[in-house]
Structure formats: structure tokens, C-alpha cells
Amino acid sequence: MSTTPLYSKLQKILAAGHFGVTSECGPPRSCDPKGVEEKARMIGDYVDAINVTDNQTAVVRQCSLASCIRIKQMGYDPVLQMVTRDRNRIALQSDLLGAGSFGINNILCLTGDHQSFGDHPNAANVFDLDSTQLVQTVKKMRDEGKLLSGFELKECPQMFIGAAENPFADPFEIRVSRLAKKVAAGAQFIQTQCIYNIPKFKQWMQGVVDRGLDEKVYIMAGMTPMKGVGMAKYMKNRVPGMDVPDDLIKRLSGVPKEKQAEEGIKICIEQIQELKEVKGVKGFHIMAIEWEEKVPEIVQQAGLYPRPKVD
Amino acid sequence: MANSSGKKKKGAVLVVGAGVAGMQASLDLASSGYLVHLVDKSPTIGGIMSQLDKTFPTNDCAMCIISPKLVEVGRHLNINILPNTEVEGLEGEAGNFQVALKSHPRYIDLKACTACGQCRQVCPVTAVNEFNQALDLREATYMRYPQAIPRGFTIDRNVCIGCGLCEKVCLAEAVHYDDTAKEFSLDVGAVILAPGNEIFDPSKFDTYNYLNLPNVVTSLEFERILSASGPYRGHLMRPYDREEPAKIAWLQCVGSRNINACDNSYCSAVCCMYAIKEAVIAKEHAHGNLDTAIFYMDMRTYGKEFEQYYNRAKEHGVRFIRSRIHSIEPEGECDLRLTYADEQGQQKSEVFDMVVLSVGFEVGKETVELGKRLNIDLNRHKFAVTDGFKPVETSRPGVYVCGTLQGPKDIPQSVMEASGAAAGTSALLSESRWTETRSLQLPPQRDVSKEPPRIGVFVCNCGINIGGIVDVPAVREYARTLPYVVHVEDNLFTCSQDTQVRMGQVIKEKGINRMVVAACTPLTHEPLFRETLLDIGLNKYLFEMANIRNQDSWVHMKDRQKATDKAKDLVRMSVARAALLQQLEEQKIQIQQSGLVIGGGIAGMNAALNLAQQGFSAILVEKGTELGGLARCVTHTIDGMEVQPYVDSLIAEVKAHPGIKVLTESEVTSFKGYKGNFTTKVRVGSSLEEETFEHGVVIVATGAKEYRPKEFLYGEHDGVMTQMDLDEVLRQRGAGNGNDPAKWNRAIMIQCVGSRNEENPNCSRICCQSAVKHALELKKLNPAMDIVILYRDMRMYGLLEDYYTEARRQGIIFSRFDLDDLPKVESNGAGLKVTFHDHVLQRHIQMPADAVVLSAATLAANTDQLATQLKVPRNAYGFFIEAHAKLRPVDFSSEGIYLCGTAHSPKLISESITQSLAAASRAGSFLAGKTLSVGGAVAHVDKSHCAACLVCVMSCPYGVPKINDENVSEINPALCQGCGVCVSECPAKAIQLSHFEDDQITVEVHALLEGAV
Amino acid sequence: MNEVFEPKMLAFLCNWCAYAGADLAGVSRFQYPPTIRVIRTMCSGRVDPLYVIEGLKDGFDQVSVFG
Amino acid sequence: MIIAEPKPIDEIIDSLKDFNRILVAGCDGCVTVCEAGGMKEVEVVASALRIYFKQAGRAVTVDEISLTRQCDRPYTAQLADKIDQYDAVLSLACGVGVQFLAEDYKNKPIFPGVNTCFMGGTEEKGLWTERCQGCGKCILANTGGICPIARCSKRMLNGPCGGSSDGRCEVNKDIACGWHLIYERLKELGQLDRFETPTDPKDWNTSRDGGPRKVIKEVSRL
Amino acid sequence: MSVVEQLLDYSGIGRKRMALRWVSAAEGQIFADTVKELTESTKELGPFDAQAYNLQLAAVERVLQGPRVRWMTGVDLHVTERGNVYGEKVDEQAFRAMFEQSLKEEYEKALILEVLGDGPSSVREMAGKTGLPVYTVSLRLNDLERRGLADLQKFEGSTPRFVRLAA
Amino acid sequence: MRLSYPTNVKIVKLPCSGRVDVVHLLKAFEDGADGVYVAGCLEGDCHYQVGNLRAKKRVAYVKDILDKIGIGGERVAMYNLSAGQGPRFAEIAREMSEKIKQLGPTPLRKSGGSAKGVKLTPGTTKEEAA
């Protein structure tokens, strides 16, 4: 694993060989200061770092950076998610500088959902950089102390650099190469797309291990518990790049409606247990969408609690 | 080559009977360079097809597709139509016959008659209208149907009382009561008999009560009921009370497949399909949910894509009930009760509103007499005797036969036979081609392109047809005021001979260079007036016609003023367009006098041989190492003809003919050009060298193959074989080898293996007769042998029915099975056992058998590459698609390419031979023209505006436009069909269609609406 | 019907024969019922069958033509 | 070629309704080929305009012409002797043509009759698709001849996003995933190794420079 | 005049309501006798109710107005006595039979046309109003359609309704 | 058959309905037609294979234009019929006449407008073109 300095709590836990646990919270669609606070408080003690989404699904929300600052001030370790859809390289770098100034040490570099899915489908997109190039940019700022233009920074952002990866998207054969590409660009940890199809994930992981990538990057398996069979079907049919096997839907529809949520949590926990055994899996990123209150339960029952302490 | 008497053969042919077969034979021959005398005893040509509503399996309107043929026959310079004429006798020999003929008086002079119809309007006498099958009436002066050719009336002397009124009203002075019968004789080289059949008359049966119950009709009556020009104008109604029926039954095999005193034992071959068609069309016509039921014995939908038609009918809800109905009982005031036993033997009874008797064909008494007079042999069913390998030749050399006199058959089969007979004739008389034909001698055309328009307008009174409604003098005077008009006149009949002469004078005197005729309709008369222009040396495109009769006076009889106003509008429109008309030149292109025949089976060889005998050269390309094709697997035909000696002699003849170049182990590698001038590269023989051929036509005869079954233990057990395998076993036995079928105790045959199922919904047509043929042969070998044929419908169509009857007589067992309960074949050590459901016993039966013979489907040969090279279409099952299923059964829609044999669809050897001769005839009649006129009303590109955008290339339905070396679109006038789609699509407006240029169209619109805004 | 029925009758008479005959009846004083009304035509051939019907329509009980 | 589509006739009428002498000018170039602005479209639009003005009770002249190209001055100059007779011109050329006319005839209002869409080609008759956004720095060499800028909904330069499935883009199932195509093509060419080299942030200055971009080919200049 | 007799018979009015007699200029007595005789026979028939025979009279009138009957009466002698255009004499009886048949048909058609004058009608309705058999109506109607005097107006369910067309 | 139909229907003969151009239809309206219809062969029965389907699309296109410029798309129509359907032709003529009668005369006629135009070529002046 990389020998660079350890910038964040998350990085330290992973470096110490523990399973890392992260979760995410989506900022509110208003100026309400409480939203993020409450969610962070709910999960803060059960995870190592909290991701804050950046206008997820291209819907306008409180800005990720502001929410991260709030979480940092509460004493937790935030992961700043940043998409290239809305800002060009000038704005992205400026935000990175701002984040650095607040001691935010984790970043997840994303391209972002297409604006046509969000609430402003007529907006112009930017896509000046893509996610890989954003990883390159952060690395350049951190390691070379330079902006993309070559301008030398007096103080650099100290970032543990992450990227996302979807092991299930098409073409499947390219997914490992694409991971390699992001690693080559400078990604240190990967949070994956929600995993439901365990065999296919294992197949991907095998490819990752075969190329030795698991030695170069921490892979955190993305987990999202199902609230019911409706959600499962929606994810399967409507959410791009999502692979929900039929037997999972069958299992959920096999239990009464009021028990489905419970069953969903149960499945999630079983899967975490199973993935712990998979070589290369270094942690879990639990995305309980608008269901953050269940994160503690999942973390506990998956045997990931209490969280290790590092300094 | 002269015949035995040393005289040169005559280049003229007598065709007897002007139905669809007679017309086709005449057209082929007349275009091939022979003078044709087309004789029909009726006053018009067209035959029975003109009476049909729609035709299966395409549901085309019969009149729509036959009427262009009628017109073509009527106008052909080398077809001499002799209506009301009968053949009295025939002397002489092939090549030099003398025919004695007798013409019955018509009482109306065809040269003078304009078919205006005034005589009919006044005729006080009525008679039943045979054309509408006596469902309505006609007058004693009549035309059989509105589209009839020759276009002229006739007086029916049987009913005319001689009152003289028609003569009084006839302004054309065409009525001649002193007309008399004329006897005369003609010298011809050959005779083609196509007199057709009659419809079986069901009044011979009292059980059907046909004469007493108005709602019992024959199928031909029902055709008339459905027809838009029929007695009910195409509305589905029953005769008794003109109510729309809610339930109609069809009774099949009325007069066919029975050996009662008054029946015929053969199958009439067409009734199953027409009954299905009538049921489907009736359902389409009905306002409510029409219930249709067809009572049948075997559904014989054996033709190309017929089975799919049958399946679609089932989907449409047509009921098919396997039962023969004995009698029809009246029920209530006018309904009809049918009592029948269903397949389970249960007695049932159902009431219908209407019953259609699917009546069969029979050879009429007069035809039998004719046969005697001409000294040709007729068989026991009174059909002409032909040799299976010479299917269009009668027993008398030089006398050919086609159509239903040869045997019951449908339209395409008749058309093929007609062309086949023409091919035979053409080969016989080729030395005398173009010796008796007439040709037009035209003066050179005057170039008027630099002259300003000088328009002559001729307004026709059409007797009183126009003048009685429209104020013709007013229209004439109005025309005088229009721009560029230098001459106007009105005529009693503008189309009369004297007016044509006058027109010529006026054109000369006044220097007229555009002509407008306001009269009946361009559909019938434009060619006439164009000819008048040609006679006087004007380009035929400088003519325009205003339709002030068919689309004005006749349809607005009630409002004379408005009709006159409209006539003025129409004349204004025509004059405006005429001013913009331009002379168009047609070019002559030489036609290569040779044909490329692809496929060296029986069909290909016959086609090549006939072409060569016609005097053209032929290149015969065969993929295999030897000629012969699939026929090599057939020992003899069902009527006992030995196939192998025939094939051997055919091969010898083909190889010996100096006009044929035979290429074996050869394949077409590239193909380009257009009709008349194709260039084909052929990889020849094992040397793989390429040879290039230039030729005028192509005949595709690539054949078919037998399906190799995957079912019924085929290939797993030696006792399971196909019919073709059995043929081989029988042949080996003859040579003293192998398994001896004479020792078999029981053979079981299974029909429809690989046919009529989901994978291949087609019927393979020939397997029923193969099974019966082999069953009879096995019986002969060992009369004690049990033979069981498991079938779905025994499709022993036409005269094949005789063999089916014989097979049953000999104790061969026929047992029917359904697709959802297929027989099961199991191995039983060295033997086999077969389990099947018996419909009579209503239970499954198991039988041991020494052999199981599978009647395997006939499938299309692999022609992917060839079809792509020739750009000719194939259906979903790989058979080639002809230009028109009915009337152009051997042509492809791309001109100059023809089709025959099993590449078209499965068929018998005799049918393949017929079709190959037909293809050779079509090809020959094209080649005989020597040159090809192209141009005229075709699209042309203005290079300077062409953006080479490819829009024309993409939108042309015929794939004609190409971007050429100059980087602009080029449209070959020889290939352009003149539809104008590219013109309307061209985004740069760089393409125009001659004679229908944009300004020529918009000026019409503009003139029509002049002053509207 | 109480009244004695007196039919109303119409006759078309040919000028040359029947009309002359009727005149002659007068000259000879031959009596006949007063039920008849006479219309003279120049020839009975001129009597259109339609006239018969017109007569009946107009209420005559009988119409005759004398030639 | 440049692909354009005809503007809805009501929008055209809206811009021209106050004029009395109108010239509809087509272009025989790209817009002819994509059936948006050639002589045929000129006739159609002009005819529709005349019908509109007639029914509106107006006496308006609508004349028709089509120029070889409206993106070259010698051709636009062909209007010089005619333009004074009109008080407005409807150009059915692409945006270039409209602007050239506007520059050449400063005192005449020139209106666009088509929406200029993109550079593309004819997929089939009546269907045109985009291939190039004219970014000014071609990277096709590294992407198997398939442009991710024109073909990927997110202009991604380093591979597909996670949203595509069955080779279709997450934005619209009718669109092929550009990167899927690139991947397939590279695989076929045996150049998949090219894929793993990260592409650096792109120099967009050739695409998003200030004002109209210029192309200068010195050797061609006079 | 036998035409009229025939038609009066068909219509149910009866041929006795008309007469055709030959009286020469010299036969005053015969004229008087005839009138007497006719008056007697008419008295026996009773009064004629023209109202009740409205339809029939109109139909007879239509027949007589129609060209066909007029022409046929016109050619009567021509073809039976003097010889027709072919120079042959048509057997008088045969001619008569044909003529009567035509007359009957014309009368039936006229009746149908009269009924149709009251508005669209089905075949069965026409049969009811004219008193003709259904099938006869069907056959005659067909001839009317052929001659452009009647036409199908529309289908009401499975029942077609026919209308009269102005000649 | 001599079926009658209204006299106001005027016919322009074309080799195939596929030859009907959008411009022809528009010109007819421009010249003051109240309604225009194209009568082609039955679908699937085009003598020239697909001409009638092309015509159908063009009629739909003109309909849209007419709707947008306030003439009304219902003034143009496409009908399909075969050569044997004389009665159907008369029926269509009546039907279309009836429909147009209900719509009233084309607005062009009552408006008194007089829009004109000529087709120019780059090389000629307007005077020459006219």
C-alpha cells in the first residue's frame, strides 16, 4: 500500500489494517443548518468518516463543502464529494483550496450524474475535467504543490484521495482496467457502487486482485439496505448501472410487506459478512439512503462495532 | 428449315380462347415476332378472370390486374382479335395449317362503335346478365363488362326483337342489322388452344336445391356479389332479401371428387383457395361479425404461400369443418339448414343465411366438339391429353394447349402454361419470326422545341354522352379565348376515324404543335390520339386530354350548368399544361441476343434449350459437376413416365445444341448492367478461371432440395427413410442390391415432415403424390403389403385425384393426424413401431412396421449470394419472389430477369417444365424485340444543381440513381420507372420527371384555381 | 250507400270513327246514360295510356277509349 | 456536414410578419443535403408564407432563391443586385450563412429559417446524427476513431461512467454509449492498452476561445 | 290500350274500369249500346276509390311514362306484322308474352320506386308496402340500381336501406 | 357506372402519388384551393412500390404547416383506393366536399390578400425572372 503520509482518520484506520466503515449523508434542499447535523450525530460514532454528496442526482442541495465544514466542526471526519459536472477546473481547485483551509482531508472525485436526471435538465453542463482528471488534479496539488496551470501553492491541500467505481457497469471487461486507470491517476481508496450481485462483485474483485490493485488501493464495498421490494425493483429497473439479481427481489417479496425492511437490513448484514471474507475488500461504505438511522444497527450487527481508535 | 412438304413455315399463330391464358400466349407471341389471330366465341376477351372479385393469395383486385392486359392485347399491332368467332376445322401440319373459321354477326361495327352506350340506354329488351351470373339483367345490346375489349357493343340476337331503336339513336352509325355470319380461312404455323373450362352447373343436383333457394349461390355468383362492379356493387348481401348475411357456409367439392353420375371424379384444384379467399373477403366486407364456415374433405392449399393464407384465414376466424354435406334444406322463409356428421361421427345441424357452392371446373360440350374438330385427343375427363415431359403439346403436332383445357388449374399456372405454349410455338416457328408481323411506318418527327405553343383544342360531344349534358359549343368558344389556342372545334365523336384524318389536316394547315382533346378519358383514348400525332409527325408527348365525360358529364348529369363550368375549368387546365409540354425523345438500345440460365436441372435445361431453339444463344451455368439436378433422384412420375431416360436425352440435346454453352462446376461471381445488356462474370470449372458474358436476359432455375428430417428417428434407424430415399431403395432393388421392399409386411408413410409446421408453414405440394406414387408401386411389388399413409390433408389436386382414388381402391389405408398429436415412431429392434391417433376409431393405435417413409419437405436451395448479386427478392423461406403472384409468375420485378422451376416453389416435373418454357418465352419475347426504347417520361438530373446528397439514391424504390464519376446523380433512363419519388424528395430540386415536371403540374393547379383568390 | 250509384265515366273518342259514331248516336237519338264525358281526339292513337290513369286519378270510375 | 433542421413555420412567421417584401434564400450546401434549407425547402417555406400573408389579407411579396453557398462571399454577393427590392431576408442556410448575409447586407434584417444543430452525417434517409463538436484538438487517434466529446453525454475522456448498460447511454437508451463503442473498437484493433493511459485534462482553448475561432492555413493564404 | 288493361289488373284496380271498343262512323247504335253496357258493368263494380289506389295509380303512371313501355308499344306492330329490322316477323304470342313480362316487371319496379319516394327503405319494408314477394322486390330493386334509379344509402346494422335517385 | 359526385372536385393526374410534392399541395392552397386531397393506391398496392407511403408522409407534413399558418390541417387529406373502386371515389369526393363546406372557403379568398413571389436564379434579376 502507498507510503504517502497519512492525512485522515479514515486513511489511518485503513492503513492499520482494520475494516474501514464510511457512510454518507445528503445535505438538505434548503438553508436549514440542522439537517446535516442531525444525520451526522446519528451515525458519527459508528463510522470512520462521513461522505457528503455533491448535488446528488443533479438535484440542487446545500453545498457539499459547507456541509463538510459543519461536520468537521462537529468533530467527525468528513469525505468531500466533488463532481465535475457543475464546475470547471478553476472552481474545483478553488474549492479544494477552501477545503484544505478547513482541514478537510478526504475527497471523493466523481463526474456526477447527468443534469438531465435532475431538477435543472436545461442547465449547461461543464465536464471540463472528468473524475479521473480530478483525481490527477488533486494529486498534483497535494504532491507537486501545483495547480493545473503550474502555479506553485504555498500550502497544499492534504487529501486522502478517493474515487468511485461501479463493478457492474458495461462493458464489464473494462471495469478492472478502469480501476487501474484511476489508481494510476492517484486514487487511494475506492467506494464502489451498491453491491447486490455478490458473485459478479467477486468476479470483479478477483480481477482486481489478479492485477495486484488491491495492494495499491483500499476497496470499500458499497452497501445499501433495501427498504422493500418496491425499492429493489426501482433500483433494478430505473437506476443506471445497478445490478439487482432476481433472487434478491424474490427473497424480499417472499416476506410480508411490513417485514420487508427488516429483511432488507438482514440481507445487507449477511452480505457484509460474506464480503468480509473476500480478498481485497478493505472496508464498507454504507449508503442508507434517507435511512441513516439504520446505519448503527447495520454496523453493530455486522460485527464492525465498536470502531477502532487511531490517532 | 422447312417441313415435310418443303414449304416455309408460316409466321402466324392461331390462339383459340381469349381468357387469361389465351391473352398471355398471344402477347408473348406477338411480341416475339409472330402475327397472332386471337379467336374467341364471345364478343369480348377476358374469360372467367374478368368475373372474379379478388385473387388469392394476394387479394389483388382481379379487374385491376387484368384490365391492363386487356388493353395491351387490344392495342397490340400484331394481335388480330376475332371475337364472336369459332374454329370450324384445321387442315395441314405443324408449320402450315389452314384454319377454317366462322364469325358470327355482331350487328355493331366495331370500327365505328365508340362504346358510348346510347344503344343500351334505349334497348327495350332485357336478358339475364351472364357476366353477373344471372344475378341481374342486361339489355339485348350490351357490352359484357365496362372494361371489355374490344371496346364495342354487341347485339344479342337471341333476345333482340329487332325493334330498330338502337340504330336510330346511334349517332356513329355503327348498327348494322344486315350483318351476317362470315366463313373464312387463315394460314397459320401453329395453334394454341386455350378455350378454358366451364363452371359445374349445380342445378343437376336436387339435393342442393340450387334453383329454388335464392340464398344458395355458386362461388362464381358469390364473386360477383363481392365485386365492386357486381350486381350489389361490392356490398355483401344475400339475394333473397338483400340483407347482409350473418352466417355463410361454403360447401366444397360441388361437382368435383365424386363419382356420382353427374359429378366429376377429379379435383378442381382451385376451389379450396377461392373458398378461403371468399370467406376472408366476405368477413372484410361485413359490417357485423360475419360467421363463415367452410365444409371440406381435404383443404388443398398446396400452392406457393397458400398454406399461410389458410392459416391467416383461421386466425381471422374462418371456421373449417371437415365434412361433406349431402343436402341443403330450407329453413323458415329463406334460411338454409345444413345437417352433417363431424369428424367424431356426431350428427350436427346448423342454420345459415347463405350457402355458397364451391363448384368445380369441367370441359364444356362445345370445347369437346372443338377438340374433335381439331382432331386432338381428350382424356376420360375430357381434358386434352399431354405428355408429362411435353406438358403443353397436344396429340397433334403443332397444336399446343394451355390453361384449364389441359387440366383444372389456377390463374398463375394457366399463365405459365400459356407462356409455355408460346415458347413451344416460338421454337417451332422461329425461322419465320417477323415475317407476317405488321409495323408502323411513321413520318419523321417535326422539331417544335423552338416554336411557341400553338394549341388545337378538340371538344367531343361523344354522341350525346357529353353534348347532352355539357354545353359543348360554349366550352368550345371558351377554349378559343385561352392563351396559345389557335384552333378549336367540336366533333360528334372526336375518336372516329374521319375526325382523326381531319385532325391531321388541321394540324398541318394551322401549324398546331400541341393538341388538347376534351373527351372521354385518357385511360382508353390517350394512346389513340398519341398515335394520330405520331402519324402526322408530332411527338406523342405533345398531347393532353381533358376528361369531360367520365369525370364530368357522366357524373354530374343533374347539373348541366355546373358540369359545363367544370368542363371549362378542365379545358383551361389542359390547355395551360399543354403549353408547357415538351417533346421527349426515346432512345433505342440494342438488346444482346442471348440469355444466361442459372441452374442445370430439368428447368434450367429446358429453358436454355427452348431459348436456343428460338434462335437465341444460351449460357447454362451449373454449380455441380453434371447437369440433371434433383430429377436424378426420381425414377418415374406418378403417371409412369420414366424420368432418367428423359433426363439423359435432354442433357444430350442440350450439349449437342450449337446455341448453348454449358458450363459445369461454375458459379456467377459478379453481375451488373440492366435489361438487355447484362455483364456477368462466371467462375468456370475447377480451373477457377473467370469468364465474362454479355447477355440480354437471365433465367434463374436454381432448384430446391429435400429436407433432411430431424424427427421420427430419421438417420438413427435404417428403416426410416424419406420418399427420395425410398426411390433410391426401389432403384437399387431393380439393380438387385440392398434392402428388398417386396419383403416388407407393412410400410407406414408420414406426410408433412418439415412442412406445414411452425418452422416451415408452407405446403411442399408434391409429397402427397410422391407418397401415393410409391404406395402404389409397393403394392405392385407385394400386393399383400399393408400400407398406411398418415396424412393431414391429401393434396391430390387436379387429375392426381385419380391416383388417390386408385390407392384407396387398392386398400391403402389413409389415416389423418393433427399437428398437435403427431405420430410417434419408435425403434423395435430391427423393426419399427408407429403410434398414431385414428380419427375414425377415436383412439391411439400402435402398429409395427418394416419401413417408415417420411414425406419430407422441399426446401429452397441456398441462393443467398446469387440473390444479392442479381438483387432479386426471396421470401422468408428462401424461394424467389416473382413480380406478381398471378399474372407475372415467371418474371422478376427487375426486368430482364426470369424465374422457373423449384427455385420459385416446390412443383412437379411437368410443372417445372411448363414454367421453364414460360420463362424462356418471356425472355424470348423480350429478346426478339432486338432493341429497347428508353427515355420518355423518366427522371433526369440537372447536374449543375445536384448536391450529390444521395437523397435520390436513398429514396428510389428501384435503386436506380447513382452518383457518377462527375460526382452528381445519374438516373439511367433504361431503368427508371417514372414514379417521380426522387423528384419530390430532391432537396435541391435538381431532378425533374419529364412530362410531369413541377411547372407542368403546378400550372394545372394554377389554371384550375385561376381567379379563385 | 243510399244514393243510387251513378258511375262517372270518361271516354276518349277518335275524331274519325268513334266520335263520328257518337254523333251518329245523337242524330239517331239513341239513348245512353248521362254518365259519360267525352273528349275528342284526332285519333285514338293519340290517346296516351297516361290519360287513362289521369282520368282514374281525377275520380272517374271508368275510362274508355273508342277507336 | 453541418446539420440543421427547419424552424417551425410559426416561429418564422413571427419574425417576418411585419415585412412586406421578403426574400427566402436557400443554400445549396450542407443544409440542402440534410433537407433543411435547399431549393425545395425554399419553395415550401415561401409558399407557406404566401398562404399565410394572403389569408392575413396582406399584399406581400415572397420571392425565392437558392445560393451555391452562403458561407462564401462571391456567392452571397449574388444578392447584391436584388437585395434592395426586399425589406427582409429569410436565410435557410446554417448560422454561418445567416451571419455572412447579415455582415454583407448591413442595412437588411436577415432572419434564420433553420436551427443549426451540429456537425454530423446521414444515418439513413431522414435521420442525421452528430459526430463532431469542432473542439479544435482532435483526439480520435487515442480513442479508436470514435470521439468521446461528441459521443459521450458527459464528454468523459477516461472511460465510461458507471451508468451505461447493454452498451446504451444512461441518459437515453437510444444513444449508444460512446465509450462502449470506443472499448469495442480498441478491442478489435488490439489497442486496449491505449485505454489505460490516463488522458490529461484537455486543452479546451481551441474550443472555447474568446470570440469566433479562426483557422489559418498559411500555405493556403494569398 | 291492352297495356293499360294489363296494368290495371296488376294493380288490383281491374281491367273492367276501362274499355276499348271499335265504333265506326256508321255505328251510332253500337255506340249507344256500348255506353249502356259499360255503365251497367261499372255499376256492378261500384264506385272507384282513387285514394285507396294512390300508390298503384302512381306506379302505373310511372310505367306509362317510362320509355321502355312506350317504346315497346311503339314497335309492337313493327315486329309482329310488318317484320323487324332483320326482316323477320316475331311470333305475336311470343312477343305478347315477353311484353307482358316486361310490363309486369316495369310495374313492380315502379311500385318500388313509389315506395322509395317516401324515404329510405329496406327490401322487407318495400315488400310490405307494395305487397310484392320479398325476392321479387330484391330482383327488381337490383334492376333499378343498375339503371341508376335507386341506390344503397347506408347499412343499419346488417340491413341495407335504399333510396330513390332522381332520374 | 356513372356515379355522381360534386362538380367542385378537380383532378390532377400524376404517374404515382409519390410524385406529389409538398410544394404542389402548398401551391394549390396558395392559388386558393379550399381543400386538397391526394388519392393514391391502397397501401401495400402501390404500382411503384412505396410512392403512396411517401405521399402519406408529405400530406402529414403539409397538414402540420397548414395548422401552424392558420389555414387548418384538415383541409388536406390522403385517401387510398384501387382502380376498381369507382363508388369509393365518388364517396370520397362527396365526403371531402362536405368536410370543406363545413370548414367554409379558404381564408385566403375572403381576406383580400395578394402575396406573390417569383423564383430567382443567382444570375438573373427579378425583372428577368418575372
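Letters A, B, ... mirror the listed sequences (proteins, then strands); counts begin at 1. Only a predicted model underlies this, so the values are computations on that prediction, with no experimental measurement involved.
Each of B:Val159, B:Leu135, B:Thr126 has some count of heavy-atom pairs under 4.5 Å with chain E, and the biggest count is that of B:Thr126. For the set B:Pro231, B:Cys334, B:Gly164, B:Pro245, the entry with the most heavy-atom pairs within less than 4.5 Å of chain E is B:Pro231. Of the listed residues (E:Arg124, E:Arg146, E:Arg68, E:Met126), the one with the most heavy-atom contacts under 4.5 Å to chain B is E:Arg146. Counting heavy-atom pairs under 4.5 Å between each of B:Arg138, B:His287, B:His235 and chain E puts B:His287 at the top.
Put simply, CG on E:Asp143 and CG on B:Asn129 are 10.0 Å apart, with the number rounded to the nearest 0.5 Å. To the nearest 0.5 Å, the span separating CG on B:Asp136 from CG on E:Leu144 amounts to 12.0 Å. The OG atom of E:Ser158 sits 12.5 Å away from the CG atom of B:Asn289 when rounded to the nearest 0.5 Å. Annotation: the span from B:Arg242 atom CZ to E:Arg161 atom CZ amounts to 14.0 Å, rounded to 0.5 Å. Taken to the nearest 0.5 Å, the CD atom of E:Glu88 stands 11.5 Å off from the CD1 atom of B:Ile161.
Here the side chains of B:Tyr240 and E:Ser138 are not in contact, with every heavy-atom distance at 4.5 Å or above.
Interface remark: B:Leu137 contributes backbone and side-chain atoms alike to the contact with chain E (heavy atom separation under 4.5 Å). Interface residue E:Met98: only side-chain heavy atoms are found under 4.5 Å from chain B. Proximity to chain B is limited to the side chain of E:Phe162, based on heavy atoms less than 4.5 angstrom apart.
Between B:Asp241 and E:Val134, the closest heavy-atom pair is CB-CG1, 3.4 Å. Shown here for B:Glu139 and E:Arg147, the closest heavy-atom pair between the two residues is OE2-NH2, 3.1 Å. Heavy-atom minimum distance, B:Leu236 versus E:Phe155: O-CZ, 4.1 Å. Shown here for B:Arg233 and E:Glu145, the closest heavy-atom pair between the two residues is NH2-O, 2.9 Å. Across every non-hydrogen atom of B:Met237 and E:Leu152, the tightest pair is CE-CD1, 3.9 Å.
For B:Lys247, the NZ atom counts as densely surrounded, since its 6.0 Å shell holds more than 12 non-hydrogen atoms of other residues, nucleotides or ligands. With a 6.0 Å radius and a threshold of 12 heavy atoms from other residues, nucleotides or ligands, E:Gln93 has its CD atom at or below the threshold. Residue B:Lys283 qualifies as enclosed at atom NZ: its count of foreign heavy atoms under 6.0 Å is above 12. The 12-atom threshold is exceeded at CD of B:Glu130, counting heavy atoms of other residues, nucleotides or ligands nearer than 6.0 Å.
A donor-acceptor pair under 3.5 Å is absent between the side-chain atoms of E:Thr159 and the main chain of B:Glu243, judged by distance alone.
By the 6.0 Å and 45° rule, B:Arg157 stacks over the aromatic ring of E:Tyr86.
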